[in-house]
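Computation of the quantities below employed the complete heavy-atom set of this structure, encompassing side-chain atoms and omitting hydrogens, waters and symmetry-equivalent molecules.
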Amino acid sequence: MHDFGLRCHRYCSYKYEFNLSALEVYLNKVYDLLQAPVQNRKVEVKLSTETEVRLETEQEAITVINQAIDQREAAATNKNKTSSRSHFIITIKIGRRSLLNANEPPTTGFLTFCDLAGSEKVGENMLAGSSSLIVEQGQDINKGLLDLGQGIRNLAKSGKFLPGHNLTRALRQSLVPGSRLVLIATVSPRVSNQNTTLATLRWSADVTGARGSSGRVPLAPAKRPGPPPRQPSLLENGGRRGPTTSTLAKSTLPAGRKTRSNSPTGRGNSPTGRGRSPTRRGNSPASRGNIKR
């Protein structure tokens, strides 16, 4: 038993368990590829009800994955003799349990591998005499890819998960905050495929850019407080500082109590008040002794 490269952790203080599931999203339906076909038809299931196989060795995992791949939907197209007509998802659930501390809660992690069917132009990808099923498959593949990209952007911007396709729903565990995403885009070097290549690269850049350089789903951005209320300048306030009325100050005083007015027109505080008027004697341009005769 190899434990998938995990040796005894901290002197064999933990025990690890590995379970594998394999799903196919085909024409927006979910099929369990680890269940035997019934009357030559794959078994359709609901998400979170798929079969899990307990793994003991790496070789056992390889065998189970190859059996699932053999059941995946494929067909010949104009550009690929064995074109994948569905999205293929393998999930390995890893459980860890402490052997020394019974009070320590077990932990579980998920490692998901998804082989996305490539986007395609249906009209260019059809062979002569192809059935309408090839067209329907191509359309659903594109719908799934578009919805997955939009779902990742929604999570990154608002933290909301609003899937419209089963592909996005099946990958929810890999898109929640705290998860990491690694994307490998396969493109063609041919000039004749440059439009498809550019579309794939743009989609990949858009998706990875929404999650940030770390690959993590960022939290929804916090709302920034608005700017403080703008205070009028001296010119807008007629050259006077402070409020233009003292209504608020007066309304907070007990009834019958007198107070000094804070109004710009109040005595002693007004620009025209006694003793501080710019026209007071001796300081006014019109005062005695300063008038040019």
Side-chain angles (χ1 to χ4, degrees), residues 18-35 42-53 68 72-73 84-96 105-120 136-186 199-225:
F18 301 87
N19 293 274
L20 183 145
S21 63
L23 295 176
E24 177 185 49
V25 181
Y26 173 66
L27 294 179
N28 204 17
K29 296 181 180 180
V30 181
Y31 294 94
D32 188 346
L33 299 183
L34 296 185
Q35 292 192 35
K42 289 176 287 188
V43 179
E44 183 180 355
V45 296
K46 294 182 179 180
L47 291 173
S48 301
T49 63
E50 62 271 16
T51 304
E52 291 186 354
V53 175
R72 186 179 181 183
E73 202 70 32
S84 300
R85 313 310 295 164
S86 64
H87 306 290
F88 182 56
I89 303 172
I90 292 177
T91 301
I92 299 177
K93 183 171 69 175
I94 305 173
R96 190 185 74 168
T107 57
T108 303
F110 297 86
L111 186 61
T112 302
F113 302 90
C114 181
D115 182 16
L116 298 172
S119 60
E120 58 185 44
E136 185 179 0
Q137 292 170 348
Q139 291 174 344
D140 185 72
I141 288 172
N142 293 338
K143 288 179 181 178
L145 294 173
L146 289 174
D147 187 74
L148 177 60
Q150 185 61 46
I152 294 175
R153 287 189 292 271
N154 289 338
L155 280 172
K157 293 180 181 179
S158 64
K160 297 181 179 180
F161 186 74
L162 304 172
H165 197 278
N166 276 327
L167 172 63
T168 311
R169 295 186 181 94
L171 294 175
R172 180 173 187 173
Q173 191 69 40
S174 301
L175 303 177
V176 295
S179 64
R180 289 182 178 270
L181 172 68
V182 177
L183 178 66
I184 301 175
T186 304
T200 301
L201 294 176
R202 291 191 185 102
W203 185 90
S204 303
D206 190 17
V207 168
T208 55
R211 291 178 64 97
S213 58
S214 65
R216 292 182 179 271
V217 177
L219 300 176
K223 293 183 178 180
R224 295 183 178 180

Practice prompt. Examine distances only and state if a side-chain atom of N154 and a backbone atom of F161 form a donor-acceptor pair shorter than 3.5 Å.
Written response: no
Residues 106-118, side-chain donor-acceptor partners within the protein, below 3.5 Å, at least two apart:
unit_1	atom_1	unit_2	atom_2	d
T112	OG1	S174	OG	3.3
D115	OD2	R72	NH1	2.6

Worksheet item: What's the spacing between L167 CG and L145 CG if we round to 0.5 Å?
Response: 7.0 Å
Discussion item. Can a donor-acceptor pair be found, under 3.5 Å and without considering hydrogens, that links the side chain of N19 to the backbone of E52?
Written reply: no
Worksheet item: Got T91 and L23 here, is their nearest side-chain heavy-atom distance under 4.5 Å?
Response: no
Worksheet item: Given side chains that start at C-beta, do those of V207 and L148 come closer than 4.5 Å, heavy atoms only?
Response: no
Discussion item. If I take atom CG from residue D206 and atom CG from residue L201, how far apart are they, to the nearest 0.5 angstrom?
Written reply: 12.5 Å
Fill in: Nearest non-hydrogen partners of L181 and I152, listed with the distance
CD2-CD1, 4.4 Å
Item to complete: Answer yes or no: does atom CZ of R169 have more than 12 heavy-atom neighbours from other residues, nucleotides or ligands under 6.0 Å?
Response: yes
Item to complete: Quick one: do Q137 and L27 satisfy side chain to side chain contact (heavy atoms under 4.5 Å, CB included)? Show the steps, please.
Response: CA-CA 6 Å; Q137 292 170 348; L27 294 179; 4.2 Å; yes
Worksheet item: Which atom names give the shortest non-hydrogen contact between S21 and L34, and what distance separates them?
Response: CA-CD1, 3.8 Å
Discussion item. Return the CG to OG distance between L33 and S86, rounded to the nearest 0.5 Å.
Written reply: 7.5 Å
Discussion item. Test: salt bridge (Lys or Arg N to Asp or Glu O under 4.0 Å). Region: residues 24-35. Which pairs qualify, not counting sequence neighbours?
Written reply: E24-K42
Fill in: E50 (side chain) donor-acceptor with S48 (main chain) under 3.5 angstrom
yes
Worksheet item: Minimum heavy-atom separation for I90 to A22, with atom names?
Response: CG1-CB, 4.4 Å
Worksheet entry | Minimal non-hydrogen separation, A170 against I89, with atom names | CB-CD1, 3.6 Å
Discussion item. Taking the side chain as everything from C-beta on, heavy atoms only, tell me whether H165 gets closer than 4.5 Å to D140.
Written reply: yes
Practice prompt. For the residue pair H87 and I141, establish whether any side-chain heavy-atom pair is separated by less than 4.5 Å.
Written response: yes
Discussion item. On a heavy-atom basis, which atom in T200 and which in A185 lie closest, and how many Å separate them?
Written reply: CG2-CB, 4.1 Å
